[in-house]
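Below is one structure, written out as structure tokens; comments come after it.
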4 protein chains.
Amino acid sequence: MTTQRKPPSNATRRNEASRRAILAAAFELVQEVGYAKLSIEGIAARAGVGKQTIYRWWPSKGAVLFDAFLMLSEQPDGGESALPDTGDLEADLKAVLRATVEELNDPRYDEPMRALNTEITHDPALAALYAERLDGPMRELKKGRLRSAQRAGQLAEDLDLDVAVDMIWGPLLNRWLQRAGGLTPGYADSVVETALNGLRPRR
Amino acid sequence: MTTQRKPPSNATRRNEASRRAILAAAFELVQEVGYAKLSIEGIAARAGVGKQTIYRWWPSKGAVLFDAFLMLSEQPDGGESALPDTGDLEADLKAVLRATVEELNDPRYDEPMRALNTEITHDPALAALYAERLDGPMRELKKGRLRSAQRAGQLAEDLDLDVAVDMIWGPLLNRWLQRAGGLTPGYADSVVETALNGLRPRR
Amino acid sequence: MTTQRKPPSNATRRNEASRRAILAAAFELVQEVGYAKLSIEGIAARAGVGKQTIYRWWPSKGAVLFDAFLMLSEQPDGGESALPDTGDLEADLKAVLRATVEELNDPRYDEPMRALNTEITHDPALAALYAERLDGPMRELKKGRLRSAQRAGQLAEDLDLDVAVDMIWGPLLNRWLQRAGGLTPGYADSVVETALNGLRPRR
Amino acid sequence: MTTQRKPPSNATRRNEASRRAILAAAFELVQEVGYAKLSIEGIAARAGVGKQTIYRWWPSKGAVLFDAFLMLSEQPDGGESALPDTGDLEADLKAVLRATVEELNDPRYDEPMRALNTEITHDPALAALYAERLDGPMRELKKGRLRSAQRAGQLAEDLDLDVAVDMIWGPLLNRWLQRAGGLTPGYADSVVETALNGLRPRR
DNA sequence: AGATAATCGAGACGGTACGTCCGGTCTTGCC
DNA sequence: GGCAAGACCGGACGTACCGTCTCGATTATCT
């Protein structure tokens, strides 16, 4: 797997242009032809690159895909982002989840994300990398927002924030992955409300 | 896809022994060699069957896998099963989720289930079939148990049971699919408690 | 292999219509799709017949083809034919060879005849049958004409008529089978003249 | 099709060892299993080569077979051979034809040669190649011998040498291909005598 | 500045699997 | 019993990719 930044220059004479072309080609191809028909050969051809250049730097198709997402997640600005914090936890969460719903429904990201999830589910090494580099940072942001609410007394004191994150985002991801029912803004709202209040009657 | 029951026998002169051998071979193979190396050719060889016999009756590798699960889910006894209902909802749910955790951690089911999920996420037609034939009935059982609790006043009156089911089982499935953190009985308990009580402080 | 005539009725309950349909289908198909793509399955489909009906009565594809030719050669009238005998041997032979050239060049017979030759060259049993039933009678006619000329003193007394027949018809067939050079009436004439006179200078 | 010589090496990075292994395997296999059971798959397996390597360089099974013969015909020494010329045309021809008979009867060449003839008869492109590269040179040798005799006054002045060649070798090949009668030295002698003298009574 | 060496595009190679076609056998139900 | 229909096991087809392996032709430091 690559080591993100370039200036540290850990000494390789690697061609940066080829690297970017490969990642871009991989991302485009998977969304065009779908996961099942994504091939290293196809990526190399699209990127105008020899196959060996891919095999030299990545151990698997999934790793390429992973790096493509990594590149995507780093490019925007460089500034660290954070979840909105207006003080109204429920509203903030609903906003974030609605955005997530929109992204999952976006045809540009749908196939690539499914592909990445597929690779992760079948490759523990990739899963670890994913947990560390992509899901981890995002989870920290989510937990940060929840921690802020917890400190404000809006969440239970003894709440396990990891479980809380799973409870809010898990249902959504699951519905999407299994294509089980529509992924609508209304559903996102329902999940937030139900998660915050719990299943039991209040009072 | 098959039409399960045999006596109606309205149409085909299909070889039932071959059908069973194929489904069994598919299930065994996917757990032995993994999803990535599961091949129609391999299934046919293991089942002692011509490839054409598979292509004749199933449209895709995923469809075979799906039918293999279907066969598994129908075989046990024939009696309709139900979730435990001791009156203590929390205990019952914990018991069920712990069982689920165990099943997901069982190497006999791990790979096959990941494979099925992969096929579903990439094939809407299969997803619909899954929702109707495998997930649907199971979801009804879950909702049945919750409904019983709801009638007993243990759950909020206006609770959307589908959302509730997602909230309880979604986090588990997600953790498993993405290999994000350990899938332990303790985690199952946490999820049940947190889902029932909600994230907010009670009182 | 079948036993041509029907009334002797050696007791089978064979369906004559199917037999004719099969032979006709075989002949048509080989001329339409070529020898390489001629299949039993295709013949059965075209003839509206079950595959088993073919396998029941013929031992090989070549045998079907052979019978198709046999049917063709028997159908015309029933009267035994003979080669022309005007007294002018050279003219008669040229006429016959020109007709042969025409037949070999006829797209209706070209492919089927090549197919039959192919089967014969690779199947001694079929070759024997061919010699007995198709080539034999024709060779007798040819030898008959030559014998008549021989008796008239137009051919050498000690001439081996089989060799003579080979010498006249062999070059033609060979050129055709190997596609070696054009198969023209002029070539036919040349062959006749050269065969009659021999390669040596006369006188 | 190949371009024989290696030093020019203008274009491809072709593996010469694989090429030879394929041709050798093809030749051996056709004589072992027969034309009908000769398969590209079998050739590849025997040659220890991927199927694609065959499909990459040859358009058809027949082309492989053809090249196998080509390799055979080029390998012996490199020196141009010629037909014997003792001055006694009849004896020379008989010797050559007897050798041909022996070769056609040799089980090592029988099947391969039948296979090649079959491919040629069904593939005009291959036939042209055969005429140019295999039959052509051999025919020139034959015509060379005849021309020498012609100049010595042993053959008719106006004799068409192509027809003459057909007349001498055609009957033999035909008998062999159609398995029509035995292919004996005596037959070879008969053909030579009859061809030289012609069918008509001399004087 | 020239030598040295790793990377690059290209693509041949031995393989595996694809999805299709057909060979020859067997079974079912009609006639 | 023959027959049309067609499922079945098996084997080969010709294609697509896999991951490895040369081949020159750039680079890109390191003498």
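First the proteins, then the strands, lettered A, B, ... as listed; each starts at 1. Being a predicted model, the structure only gives us computed values, none of them experimental.
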Subject >> Exam field: side chain Arg179(A) to backbone Thr121(B), donor-acceptor pair closer than 3.5 Å >> reply: yes
Original post:
For the side chain of Thr118(D) and the backbone of Thr118(C), is there at least one donor-acceptor N/O pair under 3.5 Å apart?
Top reply: no
Rounded to whole Å, please give me the gap between [atom1] in [X] and [atom2] in [N].
X: Ile22(A); N: dA10(E); atom1: CD1; atom2: P; value: 12 Å
X: Glu41(A); N: dG9(E); atom1: CD; atom2: C1'; value: 14 Å
X: Trp57(B); N: dC9(F); atom1: CH2; atom2: P; value: 12 Å
X: Ile40(D); N: dT15(F); atom1: CD1; atom2: P; value: 10 Å
X: Arg19(D); N: dA12(E); atom1: CZ; atom2: C1'; value: 16 Å
X: Asn15(A); N: dT27(F); atom1: CG; atom2: C1'; value: 10 Å
X: Glu16(B); N: dA7(F); atom1: CD; atom2: P; value: 16 Å
X: Arg46(D); N: dA12(F); atom1: CZ; atom2: C1'; value: 17 Å

Subject >> Residue whose nearest DNA chain F nucleotide is more 5′ - Ala47(C) or Gly50(B) >> reply: Ala47(C)
Original post:
Cut-off 3.5 Å, side chains only: do Tyr35(D) and Glu119(D) have a donor facing an acceptor?
Top reply: yes
Original post:
Does Lys51(A) make a side-chain donor-acceptor contact with the base of dG19(F), cut-off 3.5 Å?
Top reply: yes
Subject >> Separation of Phe27(D) CZ from Arg46(D) CZ (nearest 0.5 Å) >> reply: 12.5 Å
Between [options], which nucleotide gets closest to the side-chain atoms of [X]?
X: Gln52(C); options: dT20(F), dG15(E), dT25(E); value: dT25(E)
X: Arg14(B); options: dC8(F), dC8(E), dT28(E); value: dC8(F)
X: Tyr55(B); options: dT20(E), dG23(E), dC3(F); value: dT20(E)

Original post:
Does a nitrogen or oxygen in the side chain of Ser18(D) sit under 4.0 Å from OP1 or OP2 of dA12(E)?
Top reply: no
**OP:** State whether Thr53(B) places a side-chain N or O below 4.0 Å from either non-bridging phosphate oxygen (OP1 or OP2) of dC9(F).
**Re:** yes
**OP:** Between Ser39(B) and Lys37(C), just flag the one whose closest nucleotide in DNA chain E comes earlier from the 5' side.
**Re:** Ser39(B)
Subject >> Presence of salt bridge, Glu16(C) and Arg19(C), under 4.0 angstrom >> reply: yes
